[in-house]
Amino acid sequence: MAGRIMLKRDSGKLIFATIRDRSGDLQLFISKAAVGDESFASIKKLDLGDWIGANGTVMTTRKGELSVKPERLELLAKAVRPLPDKWHGLNDTDTRFRQRYADLIVNEQARRTFEVRHEIISSFRRTLHEHGFTEVETPVLHVESGGAHARPFTTHHNTLDMQLYLRIALELHLKRLIVGGMERVYEIGRIFRNEGISTRHNPEFTMMELYQAFGDWNDVMEISETLITQAARDAIDTTVITIRGEEIDLAEPWPRIRMVDAVSERLGQQVHPSQPVEELRSLAEAHGIRWEERWGGGKLVEALFEALCEADIVRPTFITGHPTEISPLARADRADPWLTERFEIFVDSRELGNGYSELNDPVEQRRRFEDEQLAKEAGDVEAGTIDEDYLRALEYGMPPTGGLGIGMDRLVMLLADVGSIKEVILFPTLRHEVI
RNA sequence: GCCUUCCUAGCUCAAUGGUAGAGCAGUGGACUUUUAAUCCAUUGGUUCAGGGUUCGAGCCCCUGGGAAGGCACCA
C-alpha cells in the first residue's frame, strides 16, 4: 500500500505511523526486528508529509487497532516543507485558499466538501440521463454576451482580430440546439461574470442549464425538485437539512408563490407592474429603495420583492411570475401579459435557480431584445443586445420549451453546509499574492 | 467601490508603550504496543511593507499590500 505519513509515534525500536490515502487512514506498526537495523534507521528519518509505500502483513495491536506490519518500506516522495499543525490544521483562510493543496492535506472538512460537490454533479448527470437529456458543450467564447443580466469579461482573438466575451450564461446556445431538434439538452459548465466578489459570488462559477422541448415552467419546476432532492440523497445520504436552525425536508413539495402576491401580502396592498409607475416609486421610496428613472413597474416590483421578501425565505421556495420587463427571454403568462411563466428557486434568502417557459416567438423576442438594447444605450451596463443569430434560429421554429438553470456552487454550499462560496471552489479568485 | 476587523516562528496562538514567548513541527537523546504517544535537551523572528510620534513601538498615528465579514452589485 501507499500513503502519506500524517502522524508518527516513535518509541525506540518500534514506530507507529499513521498513513493516509484517499480511502482513509491506516496505522503502520514498524518493528526494528522486522525491517532490519539499516532500514529502521532510515525510517526514523522520515517526516510527516512524506509519501511512502509499504509491503507487510495485517495484524492487530495490543490495543486492538488494525495495523500493517511492514517488512519493507520505501520512500516514494519527500516532503521538504513541514505540514501545518497536526492538531489545529490550517485555519488562515488566505493560506487555505491560495495553497489549497495544504488545506486538503490537513483539513478533513475541505476534503469532504469537494467530495459532496463531486457527488452532487454526478447525481445531476445520472438524473438527467434517466430523463433522456443529452449532455452538450457549447462555446465559452461568445461573440455576443447574452442570456443573463451581467457584465462580461472581454477578451481578444489575435488571428481573427475580434473582440470576444467569456460567456455569462449557457442559455442562448442551448436553445439553438432545441431549434435543431435535440429536444432535451443540458450543460454543466463554467460561466464568468465581471462583478463583485462575496461569500456568495465568485467571478467564475458553475451553472447547470437544461432545456426540454414540449415542456413548460411546471415541468422544469418538477425537475428542479427531483434533481436537488436526489442530489441530497446521493451526496449527504439524507433529504433533511438544517437551515438557520430549522430542519427542512427537501423531499416535501416546495411552496410556489407569485412574486406579486409575496410583495402584496407583505405590503398589505395589491401590487402589480401594470399599476401607475408613480405609485410603485413611492412604495419603493417608503421602503428605502433607491430607484432609477429608467425602471418600469416590473423592475420596481422586483426591487420591492428583494427588499421586503427575500430575507424571510428559508425553505426552498418557487417565486413565480416575474414581470416581463425583467425577463426578456421568458414567455409571457397566458393570462397576464405583464408577467411571465417564470420562477426562481430561493433557499436561505439566496437565489439557487431560475427557470421558465421559453419565449419562442421570434417577433416578440426581437421586441424584447430592442428594449434591452435601449436600456443598454441608456446606461445599463448589464443589459443585453440584439442577438441576430439567435433570432434567426427562432425563425426556424423552436418548439414550446421549458428551461432551467441551477447555480451548482450555491447548491454545494447548501448541501455541504458551508457559508462561503470559496469553500466549494477549489481555487477561488483572489488578489495577487505578494511573495 | 465603501465600512469594520484582522495580519507575530513552518502551523495554531500569547505578549499594560518597557528583555518578543508557548504548544505543535524541526534537531539531538531515552523508550518494542503507541493513538495529538510520553520524557529530557535544543534550533528557529525584517512582529505584512514603508514612514511617523516617543527616552523606548508587535502595541499609538499615517500610507500602501493582503485577508475575512458586512454593504452595494449579482447567481
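We name chains A, B, ... by the order of the sequence lines, and we start the count at 1 in each one.
Ionic pairing of A/E115 and A/R112 is not present here: no N-O contact between side-chain nitrogen and carboxylate oxygen is shorter than 4.0 angstrom. Here A/D94 pairs with A/R98 in a salt bridge; the nearest charged N to carboxylate O distance falls below 4.0 Å. Ion pair A/R151/A/E382 not flagged as a salt bridge, since none of the NZ, NE, NH1 or NH2 atoms sits closer than 4.0 Å to an Asp/Glu carboxylate oxygen. A/R117 and A/E423 are not joined by a salt bridge, as no carboxylate oxygen comes within less than 4.0 angstrom of a charged side-chain nitrogen. Salt-bridge annotation for A/R4 and A/D21: absent, with no side-chain N of the basic residue lying under 4.0 Å from a carboxylate O of the acidic one. With salt bridges taken as basic N to acidic carboxylate O contacts below 4.0 Å, none links A/R200 and A/D409.
When heavy atoms are screened at a 4.0 angstrom cut-off, A/D103 is found touching no nucleic acid atom at all. Residue A/A102 is out of contact with every strand shown, counting any heavy-atom pair closer than 4.0 Å. When heavy atoms are screened at a 4.0 angstrom cut-off, A/R81 is found touching no nucleic acid atom at all. At the heavy-atom level, A/K422 lies under 4.0 Å from the strands shown only through sugar-phosphate atoms. Across all strands shown, A/Q27 has heavy atoms under 4.0 Å from base atoms, whether or not it also approaches the sugar-phosphate. The residue A/T61 sits close to a base: some heavy atom pair falls under 4.0 Å. Residue contacts shown for A/I15 are absent, as no nucleic acid heavy atom lies under 4.0 Å away.
Taking CG of A/L46 as the start and CD1 of A/I15 as the end, the distance is 8.0 Å to the nearest 0.5 Å.
Of the residues near RNA chain B, A/W87 and A/G407, the one whose nearest nucleotide (by heavy atom distance) lies more toward the 5' end is A/W87. Where A/P203 and A/G12 each meet RNA chain B at their nearest nucleotide, the meeting point lying more 5' is that of A/G12.
Under 4.0 angstrom from either OP1 or OP2 of B/rA67 there lies at least one side-chain N or O belonging to A/R98. Look at A/R431 and you'll find a side-chain N or O under 4.0 angstrom from OP1 or OP2 of B/rA67. Listed pair A/T199 / B/rG70 meets the phosphate criterion, a side-chain N or O lying under 4.0 Å from OP1 or OP2.
Between A/R20 atom CZ and B/rA36 atom P there is a gap of 13 Å when expressed in whole angstrom units. In this structure, the CG atom of A/D37 is 13 Å from the P atom of B/rU32, given to the nearest Å. One atom, CZ of A/F97, and another, C1' of B/rA68, lie 9 Å apart when rounded to the nearest Å. If you take CG of A/L28 and P of B/rA37, they are 14 Å apart, rounded to a whole angstrom. The distance from atom CD of A/E306 to atom P of B/rA72 is 10 Å, rounded to the nearest whole Å. Look at CG on A/L66: it is 14 Å from C1' on B/rU35, rounded to the nearest Å. Between the CG atom of A/L46 and the P atom of B/rU27 there is a distance of 11 Å, rounded to whole Å. Atom-to-atom, NZ of A/K8 to C1' of B/rC31 comes out at 15 Å; the value is rounded to the nearest Å.
For the C1' atoms, the distance from B/rA20 to B/rG66 is 24 Å, rounded to whole Å. Rounded to a whole angstrom, the distance from the C1' atom of B/rA25 to that of B/rU16 is 32 Å. B/rU54 and B/rC13 have their P atoms separated by 36 Å, given to the nearest Å. Comparing the same atom, P, in B/rC24 and in B/rU38 gives a spacing of 7 Å after rounding to whole Å. B/rC55 and B/rG65 have their C1' atoms separated by 32 Å, given to the nearest Å. If you take atom P in B/rC48 and the same atom in B/rA14, they sit 14 Å apart, rounded to whole Å. Between B/rG45 and B/rG10, the two P atoms lie 8 Å apart (nearest whole Å).
Stacking annotation: A/F16 is not stacked on the base of B/rA37 (requires ring centroids less than 5.5 angstrom apart and an interplanar angle below 30 degrees).
Heavy atoms of other residues, nucleotides or ligands lying less than 6.0 angstrom from CD of A/Q163 number more than 12.
The partner of B/rC60, taking Watson-Crick or G-U wobble pairs whose two distances both stay under 3.5 Å, is B/rG52. Checking B/rU38 for Watson-Crick or G-U wobble geometry (two distances, each under 3.5 Å) identifies B/rA30 as its partner. Here B/rA20 sits opposite no nucleotide as a Watson-Crick or G-U wobble pair (both hydrogen-bonding atom distances under 3.5 Å). When Watson-Crick and G-U wobble pairs are counted only if both distances are under 3.5 Å, B/rU5 pairs with B/rA67.
Separation of the A/F346 and A/F305 ring centroids falls under the 6.0 Å cut-off. For A/F16 and A/F29, the ring centers are positioned less than 6.0 Å apart.
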What are the atom names and distances for every N/O pair under 3.5 Å that joins the protein to nucleotides 7-12 of chain B?
{"from": "B/rC11", "atom 1": "O2'", "to": "A/D85", "atom 2": "N", "distance (Å)": "3.0"}
{"from": "B/rC11", "atom 1": "O2'", "to": "A/G89", "atom 2": "O", "distance (Å)": "2.7"}
{"from": "B/rC11", "atom 1": "O2", "to": "A/D85", "atom 2": "OD2", "distance (Å)": "3.1"}
{"from": "B/rU12", "atom 1": "OP1", "to": "A/N91", "atom 2": "N", "distance (Å)": "2.9"}
{"from": "B/rU12", "atom 1": "OP1", "to": "A/D92", "atom 2": "N", "distance (Å)": "3.0"}
{"from": "B/rU12", "atom 1": "O3'", "to": "A/N91", "atom 2": "ND2", "distance (Å)": "3.1"}

Distances for protein N or O near nucleotides 44-50 of chain B N or O, under 3.5 Å:
none

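Aromatic ring pairs are classed by plane angle as parallel below 30°, tilted from 30° to 60° and perpendicular above 60°; the pair A/H142 and A/H173 is tilted.
Applying the salt bridge (Lys or Arg N to Asp or Glu O under 4.0 Å) definition to pairs two or more places apart or across chains, those involving residues 248-261 of chain A are A/E252-A/R315, A/R258-A/D261.
Side-chain atoms of A/L7 lie closest to B/rA37 of the nucleotides B/rA75, B/rA68, B/rA37. Closest to the side chain of A/D47, out of B/rA67, B/rU27, B/rC71, is B/rU27. Nearest nucleotide to the A/S198 side chain, out of B/rU32, B/rA72, B/rA67: B/rA72. Relative to the side chain of A/R9, the nucleotides B/rA75, B/rA37, B/rA67 differ in distance, and B/rA37 lies closest. Considering only the side chain of A/E351, B/rA75 comes nearest among B/rA68, B/rC31, B/rA75.
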From CA spacing to verdict: ring pair (Phe, Tyr, Trp, His ring centres under 6.0 Å), A/F318, A/W254: CA-CA 7 Å; A/F318 293 111; A/W254 302 354; 5.4 Å; yes

